[in-house]
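All residue numbers in this chain count up from 1 along the given sequence.
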Amino acid sequence: MKMEVQIRGYREDTEGTDLLVHLPGMKLGYLLSHKRVESGELRLDDGRHITAAQRRKAYATIRDIADFTGYLPEEEKEWLKYLHIIRTGEEYFSLSRCSMDTARGFLNTILNHAIENGIPLSEPGMERTDDAGDYLYACIRHRKCAVCGREGEIHHVDAIGMGRDRKSVDDRCSRKICLCREHHSAAHKRGMKAFAQMYHVYGIVIPEDSRLPMLETMNDISQFVTL
């Protein structure tokens, strides 16, 4: 059962928060007393709805994916919505009135899908995302250049240093970025600070609870890294 409710009041203590919830037009006494319903799910709406910029990014990315797959944009949009629902457990939503958080998550899903499947975008992915960290991690995870989307290699922003055994170095707290050979060379030539300012990308520390595909441990990443 799904319904809209009104929060009339709350009280906080050391163990959590008690809510006084009103359900307009609903009589649930019988359900609560005879069915012994004692738990449920709560989803809070902070009133922030999808922005025009988020909607533009979503539809532009949907069009790029549709051009690649051959489906009509409207068909592709519905397929991508259900992909997002499967991956996140979200309920069905509309891009005309969903929340900002849902729009942000949907953008993550469709950009990850494009990166994972090598789908070219008509503008840099960093211009499409609402979550730069998620985008940059997806590029690392799928070995795609964070600038152009081509096949890439991992670049240590915090350099390991010449002459050190990469297999023995614990680089879990080092910032990394995935770049194609062309942009990797440009990063070395210009310096990472100037390169980051030019392309609006930067290195990230990979979360400890994440696992890169085909890698058993974080240290194994060194075999894919060129400095």
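Considering every non-hydrogen atom in both E123 and E127, the closest pair reads OE1-CB, 3.8 Å. For the residue pair A146 and Y135, the shortest heavy atom distance occurs at O-OH, 3.0 Å. Considering all non-hydrogen atoms of both residues, G133 and I204 come closest at O-CD1, 3.9 Å. In terms of heavy-atom proximity, S174 sits nearest to H156 at CB-CD2, 4.0 Å. Across all non-hydrogen atoms, the minimal contact from I62 to P73 is CG2-O, 3.5 Å. Here the shortest heavy-atom pairing between C173 and D158 reads O-OD2, 4.4 Å.
Without hydrogens or angle criteria, E116 side chain to H113 main chain gives no donor-acceptor distance under 3.5 Å. Proximity of a side-chain donor or acceptor of Q54 to a complementary backbone N or O of T51 within less than 3.5 Å is detected.
For the salt bridge (charged side-chain N to carboxylate O under 4.0 Å, His left out) criterion with E153, the lone passing option out of K176, K144, R143, R181 is R181. Each of L136, N108, L107 was scored for a side-chain contact (heavy atoms from CB on, under 4.5 Å) with T129, with one residue passing: N108.
Aromatic rings from H84 and F93 are positioned such that their centres are separated by under 6.0 Å.
Between F195 and H183 the shortest side-chain heavy-atom distance falls below 4.5 Å. Contact check for L80 versus T109: no side-chain heavy atoms found under the 4.5 Å cut-off. Contact of the D64 side chain with the R128 side chain is registered, since non-hydrogen atoms from C-beta on lie closer than 4.5 Å. Between I177 and I154 the shortest side-chain heavy-atom distance does not fall below 4.5 Å.
Between R104 and E90 there is no salt bridge, since none of the side-chain N atoms of the basic residue sits less than 4.0 Å from a carboxylate O of the acidic one. Taking a cutoff of 4.0 Å between a charged side-chain nitrogen and a carboxylate oxygen, R63 and E76 do not qualify as a salt bridge.
Taking the six-membered ring where tryptophan is involved, the planes of H184 and H188 are essentially parallel, since the angle between them stays under 30° and well short of 60°.
Under the 3.5 Å distance criterion, with hydrogens and angles disregarded, a donor-acceptor pair is assigned to the side chains of E78 and Y92.
Atom CZ of R56 has more than 12 neighbouring heavy atoms from other residues, nucleotides or ligands inside a 6.0 Å radius.
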